[in-house]
Structures are given as structure tokens and as C-alpha cells.
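Written out below as C-alpha cells is the structure these notes cover.
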Amino acid sequence: MKIGMLTSGGDCQGLNATLRGVAKTLYNLMPNVEIYGIIDGYKGLIEGTWRKMDRSEFSGILRRGGTILGSSRQPFKAMREINENNEDKLSLMIKNYKKGGFDALVILGGNGTHKSAHMLSKNGVNVVTLPKTIDNDVYGTDMTFGFDSALEKATSVIDAIHTTAAAHGRIFVIEVMGHKVGWLTLYAGFAGGADVILIPEIPYEVDAVFEVIEKRNANGSNFSIIAIAEGAITAQESALPKKERNIPPSSGAYLANVLNNRLEQDVRVVVPGHFQRGGEPTPTDRVLCSRLGAKAGELIRDKKFGRMVAFRGNTIITVPLDDVAGKLKYVPHDCDMIREARLMGISFGDNRAE
Ligand code: F6P
């Protein structure tokens, strides 16, 4: 069999560990398999750029950050746009898939990637996908790879900031990545001991945040830590129709500025940004990547295509792309973790308590 592999969208820790997991399984199950690395994600498939991988290239990459294949963002909505030769990206990808003589593609990516993979699958391309992203928002899996490693990074930032906040009696607003969902902020906020956790799923009131700070000051804690998701918005903005919302470029900078105008204490904002996506995968991610990779290899051997491998409970399962594409996995408002956080007195900026 001739298999093409690609990594698409924003990078994260564990991409190489996953490629390795798939490759080791394929070489083990099908000694004559040929693996091709498609360069820079869907871009390589659109442009016909790939190279035959040597088995040795998958050695020694379990811990390496980034991706040995390169990655790029190719928005789903641009896939059907027609170029000057009257071809769209989908038709170019299908043409190159056939030209390359591939039997199947292994696609590592997040939400947008899954929409495109689903479209390829519906158009006759054999695909197996693996859920990647620090945001943990891919539908159909409890956990995406990259999430645990980013969680460690985001938590380490909150931990470090804690000591400075306490030393200076300051308010720190730490803006955590996560795109439109709050998983990373919820977990990092919990793990880092944040006093307030603001996530897109629960629009917040500035007054409620202010009250937490005042209450802590009155109780003798003259510093506060606020973990805010990059996608968090105020209740006032969220009440507006989407087109009329005035979303600031940085949710953290916005909140810090508002608080600064109302408080005597110093307020500072920290935006760890892409630091959260960098470096080595955690041991938990390495295990997840390897398990998902092994399952993907097995699916290919069994010629079961059009599916994503996923983690549910402590089991690796497979989910049809029909059930994954176009859906986001949000933090449920009433999930146990939110309830437990509220029990501990952690505020979500919405004036609700358990
Ligand atoms: O999806 C991963 C992610 O890091 C999001 O958390 C963030 O919103 C986005 O990618 C940043 O994208 P870029 O790397 O293109 O700036």
C-alpha cells in the first residue's frame, strides 16, 4: 500500500509522536508499505508536493515539538473557490491523490481539517484522521492530542505569575488560548488555582469579577488571578447579534484595562500565546498519540476509511467523519468540573454560586 500522511492547521505538541505511532504500526503490520510525507498539510496535496519517507525518519521524534512534515492553514471555506484555471482546491487534491497513486491518506488536524477530510472522503478519497489541537474542541473525542501538553504550559505560566501577584498585591489577568472554547482555560485555571475563570461558554459580567477581587481584598488576600480564555466575552456583547458585537483583539487586555480603571491595585495582563503550543509533548500526550496512531494504522490495514480515531473513557474508538465534521465540542455549562469549581468558590464571572 502507498500511504500519504499530512499534518494540517496550527501545530501542537505530539504531532511527531502521532506520525511515529502511525508509521511504526504500518511498518509492523504491512512490511511492504510505502509512506509518503505530504508537505505543509493540505497545501502539499493541492500543489502536489510530497516525498517518500525513510523508515528512519520516524525514529527519535517521539518527543520532538512541531511537525517534521510542516503545516499550514487552508481554510475550509476556500476549498471550493475556483482559480484562474477553473479548478478548485478540492479537485486539485483529488487529482493529486490519484496522480500520486495513494491508497489512503492519514490526516492529523483539528476542526477545519476534519471538515476538509470529510469532503475528501465523500469524494472518494480514503482517509483516516487523528484529532489534534490544544483547544480540545474536536467533536467525538474526550481528548485531543496536544491538549495535555498545552495545559502543562498554561498552568506553568499561572503558577509562575502567582508568586509575583502575591509579592506585589496585584491583579493578574492571564489570557489562555483555546479559540472559541474554554477547555484549556478551565483546566489551566483549575490547575493553577485561579480565583476567576472566564470562558466563552459562560459570558461574564465585569461587576462579578470586580466583586470577587473586592471580596478577596476584604478577606486579606490582596492579589487575584484571573484566567480568561482568548474567546471569552462579556454578557453585554453576547446579548448582541454576532455581527453587531465589538470584540476586542485581546480579551485579556480588554478586561485588564477595564479593571485598571476601577481598582486602586495594579492590574497586569499576561498573554502566553504560542508558547502554549511549543516544546515537547507530555508523557500523557505521548501515550495518547501512540495509542491513536496504532489504531489509525490498524484501520488502514483493515481498509476501514472515512473515520477518525478517538479517545473515550480509557478506550480508543473510531467515529465516522459524518459524526465529527462541522461540530465543535464546547464546555457544557453544567459539567461536573464547573460545578465543582463553583463549590470551591471559583467564580465564572456570572454571579452564580453552588
Ligand atoms: O487552534 C489552536 C490555536 O492555537 C488556537 O488556540 C488559537 O486561537 C489559534 O490556534 C491561533 O492561530 P495562529 O497560530 O494561526 O495564530
Side-chain angles (χ1 to χ4, degrees), residues 6-18 40-43 65-67 69-79 107-117 129-141 143-158 173-189 191-192 197-201 227-233 242 245 247-255 269-282 285 288-289 292 308 324-331:
L6 65 88
T7 54
S8 166
D11 77 330
C12 71
Q13 304 92 335
L15 280 164
N16 290 323
T18 308
D40 294 343
Y42 288 128
K43 183 167 182 277
T67 160
L69 301 180
S71 191
S72 65
R73 291 199 187 275
Q74 294 291 324
F76 174 73
K77 58 177 188 269
M79 287 293 179
I107 297 175
L108 285 61
N111 278 301
T113 302
H114 274 85
K115 284 200 246 176
S116 299
T129 69
L130 299 100
K132 160 239 74 162
T133 168
I134 66 164
D135 304 336
N136 195 30
D137 59 354
V138 176
Y139 197 85
T141 184
M143 193 75 82
T144 54
F145 67 84
F147 176 70
D148 186 68
S149 307
L151 171 60
E152 190 188 80
K153 296 278 187 208
T155 305
S156 74
V157 172
I158 301 178
V173 179
I174 301 155
E175 184 185 299
V176 179
M177 273 188 169
H179 201 216
K180 293 179 183 161
V181 305
W183 292 109
L184 192 53
T185 310
L186 176 63
Y187 272 72
I197 298 176
L198 304 175
I199 61 175
E201 292 86 345
I228 183 169
E230 61 180 351
I233 59 169
K242 274 195 181 155
R245 288 180 193 166
I247 305 294
S250 159
S251 63
Y254 168 79
L255 178 61
V269 61
V270 175
V271 184
H274 292 79
F275 166 78
Q276 294 161 97
R277 279 185 4 206
E280 294 185 352
T282 57
D285 255 338
L288 180 61
C289 294
L292 291 170
M308 178 184 84
V324 174
K327 297 181 193 163
L328 265 193
K329 187 183 69 181
Y330 290 100
V331 177

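Order of appearance sets the numbers: ligands from 1, and atoms from 1 within every ligand. Reckoned from all heavy atoms, side chains included, excluding hydrogens, waters and symmetry mates. One is the number of the first residue; the rest follow in order along the sequence.
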Next item on the list: Using a 4.5 Å cut-off on heavy atoms from C-beta on, say whether the side chain of K132 contacts that of T144.
Entry: no

Checklist line | Any donor-acceptor N/O pair, S251 side chain to A229 backbone, under 3.5 Å | finding: yes

Notebook entry, point to check: ligand 1 versus L184, non-hydrogen atoms closer than 4.0 Å: side chain, backbone, both, neither?
Noted result: neither

Next item on the list: Provide, to 0.1 Å, the distance between atom 2 (C) of ligand 1 and the closest protein heavy atom, together with that atom's residue and name.
Entry: D135 OD2, 3.4 Å

Notebook entry, point to check: Of all the atoms in ligand 1, which lie at a distance below 4.0 Å from a heavy atom belonging to E230?
Noted result: 5 (C), 6 (O), 7 (C), 8 (O)

Next item on the list: Determine whether the side chains of S250 and E175 contain a donor N or O and an acceptor N or O closer than 3.5 Å.
Entry: yes

Item checked: Closest approach of any protein heavy atom to atom 11 (C) of ligand 1, naming residue and atom -> R277 NH1, 3.7 Å

Next item on the list: Can you figure out which of Q276, H179, H274, R73 has its heavy atom closest to atom 16 (O) of ligand 1?
Entry: H274

Next item on the list: Could you tell me whether a side-chain N or O of Q13 sits under 3.5 Å from a main-chain N or O of D285, the two making a donor and an acceptor?
Entry: no

Check: Got V138 and V324 here, is their nearest side-chain heavy-atom distance under 4.5 Å?
Finding: yes

Note to self: Check for me whether G110 has a heavy atom closer than 4.0 Å to any atom of ligand 1.
What the structure shows: no

Note to self: What I want to know is whether G178 and ligand 1 share at least one N or O pair that is separated by under 3.5 angstrom.
What the structure shows: yes

Check: Would you call K180 and D137 a salt bridge, taking side-chain N to carboxylate O under 4.0 Å as the test?
Finding: no

